[in-house]
Protein chains: 2
Amino acid sequence: MVKPTSVSNTIRSLRFANGEMTQAALADRIGVTRQTVIAIEQGRYSPSLEVAFQIAQVFKVSLDDVFQYPDLP
Amino acid sequence: MVKPTSVSNTIRSLRFANGEMTQAALADRIGVTRQTVIAIEQGRYSPSLEVAFQIAQVFKVSLDDVFQYPDLP
DNA sequence: CTGTGATGTTAATAATATTTGACATGGAAA
DNA sequence: TTTCCATGTCAAATATTATTAACATCACAG
């Protein structure tokens, strides 16, 4: 892992909360590859705003329900 | 002109609502260049999630208050 | 045991975001 | 007018993120 992003997310929980949606199924819904979903879910990098919005849209939640950014120290 | 993003934002309003903050001042606060702020504000491309979070943090609002994504048709 | 689906890894490449630096414009002072 | 400041534009370079493909592991059904 070269440089994990500082943005965390709840994608894994949201997938399971939505009928055991697989990573491949989610990737399909938002039009990216399965590897992209894996990388984002693992926090290996933070996605573009557009992809982030699409993920939130699939789960019918707000952006802030999917991604968390640490407060200033 | 080449390919405007589908994500819109309220950065300009937020800047003026926060004591006439200039683009340069905002760029400074979030650690990017002035040109980046201009491009984002104009919707020429959507920023990374991290930059998006930092902008929201400066104005003390949520991500959804800064950026808007069109609903599914 | 064999096969299958879900998940994970890596490396290479493509695409997009960001930086840098230079220059232009309009408005508001001095 | 001249100067300063905020805004905007452009092109080229770098950095970051996304895509693809190939392969590995694990759990589990048959």
Side-chain angles (χ1 to χ4, degrees), chain A residues 1-59 61-70 72, chain B residues 1-59 61-70 72:
Chain A
M1 188 175 307
V2 220
K3 183 164 79 93
T5 178
S6 54
V7 178
S8 61
N9 68 79
T10 55
I11 296 179
R12 199 170 195 93
S13 301
L14 287 165
R15 280 200 297 113
F16 287 111
N18 279 60
E20 306 282 322
M21 180 184 298
T22 68
Q23 293 173 331
L26 174 57
D28 249 36
R29 293 280 298 273
I30 64 181
V32 301
T33 63
R34 186 173 62 85
Q35 285 87 338
T36 295
V37 167
I38 293 173
I40 295 172
E41 188 168 306
Q42 292 176 153
R44 304 220 272 123
Y45 58 75
S46 47
S48 69
L49 241 199
E50 305 209 350
V51 169
F53 265 115
Q54 286 170 2
I55 293 174
Q57 213 166 56
V58 164
F59 296 124
V61 297
S62 81
L63 224 43
D64 298 282
D65 288 330
V66 185
F67 298 96
Q68 294 80 40
Y69 190 70
L72 303 161
Chain B
M1 320 186 314
V2 240
K3 184 162 82 83
T5 179
S6 54
V7 178
S8 61
N9 68 80
T10 56
I11 297 178
R12 199 170 196 92
S13 301
L14 287 166
R15 278 198 299 113
F16 287 111
N18 279 61
E20 306 281 321
M21 181 184 297
T22 69
Q23 293 173 332
L26 175 57
D28 248 37
R29 294 278 300 272
I30 65 182
V32 301
T33 64
R34 188 173 61 86
Q35 285 87 337
T36 296
V37 168
I38 292 174
I40 295 172
E41 189 167 305
Q42 290 176 157
R44 304 221 275 124
Y45 60 73
S46 49
S48 68
L49 240 201
E50 306 209 351
V51 169
F53 264 114
Q54 287 169 3
I55 293 174
Q57 214 166 56
V58 163
F59 296 125
V61 298
S62 82
L63 225 42
D64 298 282
D65 289 331
V66 184
F67 299 96
Q68 294 81 39
Y69 191 70
L72 302 160

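Numbered from 1 within each chain, the chains take letters A, B, ... in sequence-line order.
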Exercise. Of the non-hydrogen atoms in A:Y69 and B:Q54, which two are nearest, and what is the gap between them?
Worked result: OH-NE2, 3.0 Å

Exercise. Could you give the CD1-to-P distance, from B:I30 to C:dT18, as a whole number of Å?
Worked result: 9 Å

Problem set entry | Test side chain to side chain contact (heavy atoms under 4.5 Å, CB included) applied to A:F59 and A:R15, step by step | CA-CA 8 Å; A:F59 296 124; A:R15 280 200 297 113; 3.8 Å; yes

Problem set entry | Distance in Å, B:N9 CG paired with B:Q42 CD, rounded so as to fall on 0.5 Å steps | 10.0 Å

Exercise. Nearest-Å distance, CG (A:L49) to P (D:dT16)?
Worked result: 18 Å

For this session: Return yes if some donor-acceptor pair links the side-chain N/O of B:Q57 with the main-chain N/O of A:P70 below 3.5 Å, else return no.
Result: yes

Exercise. Among D:dT7, C:dT18, C:dA17, which is the nearest nucleotide to the side chain of B:R12?
Worked result: D:dT7

For this session: Check whether any side-chain N or O of B:S46 sits under 4.0 Å from OP1 or OP2 of C:dA17, and answer yes or no.
Result: yes

For this session: Scan A:T33 against the nucleic acid and name what it touches under 4.0 Å (heavy atoms): base, sugar-phosphate only, or nothing.
Result: base

Problem set entry | Per B:Y45 side chain, nearest of listed nucleotides C:dA17, C:dA22, D:dT19 | C:dA17

Exercise. Given atom CG of A:L26 and atom P of C:dG8, what is their separation to the nearest angstrom?
Worked result: 13 Å

Exercise. Just how large is the angle between the end axes of the helix from C:dC1-D:dG30 to C:dA30-D:dT1, five pairs per end, to 10 degrees?
Worked result: 30°

For this session: Would you please confirm or rule out a distance under 4.0 Å between OP1 or OP2 of C:dG8 and any side-chain N or O of A:Q35?
Result: no

Exercise. Looking only at side-chain N and O atoms, does B:T36 come under 4.0 Å of OP1 or OP2 in C:dT18?
Worked result: no

For this session: Please state how far atom CD1 in B:I38 lies from atom P in C:dC23, giving the value in whole angstrom units.
Result: 17 Å

Seminar exercise, completed: B:Q23 atom CD is separated from D:dT9 atom C1', nearest whole Å, by 12 Å

For this session: Would you kindly give the CD-to-P distance between A:E50 and D:dT16, to the nearest whole Å?
Result: 20 Å

Exercise. Are side-chain heavy atoms of B:Y45 and A:S48 found at a separation under 4.5 Å?
Worked result: no

Exercise. Does A:R44 put a side-chain nitrogen or oxygen below 4.0 Å from OP1 or OP2 of D:dT16?
Worked result: no

Seminar exercise, completed: Only one of A:I40, A:L26, A:V37 passes side-chain contact (heavy atoms from CB on, under 4.5 Å) with A:V32, and that residue is A:V37

Exercise. When you check the phosphate oxygens OP1 and OP2 of D:dT9, does a side-chain N or O of B:R34 lie under 4.0 Å from one of them?
Worked result: no

Exercise. Whole Å only: how far is the CD atom of B:E41 from the P atom of D:dT7?
Worked result: 8 Å

Problem set entry | N/O donor-acceptor pair under 3.5 Å between A:T10 side chain and A:D65 backbone | yes

Exercise. Atom CD of B:E20 and atom C1' of D:dC5: how far apart are they, to the nearest Å?
Worked result: 14 Å

Exercise. Which of the following nucleotides, C:dG8, C:dT19, C:dA6, is nearest to the side chain of A:Q42?
Worked result: C:dG8

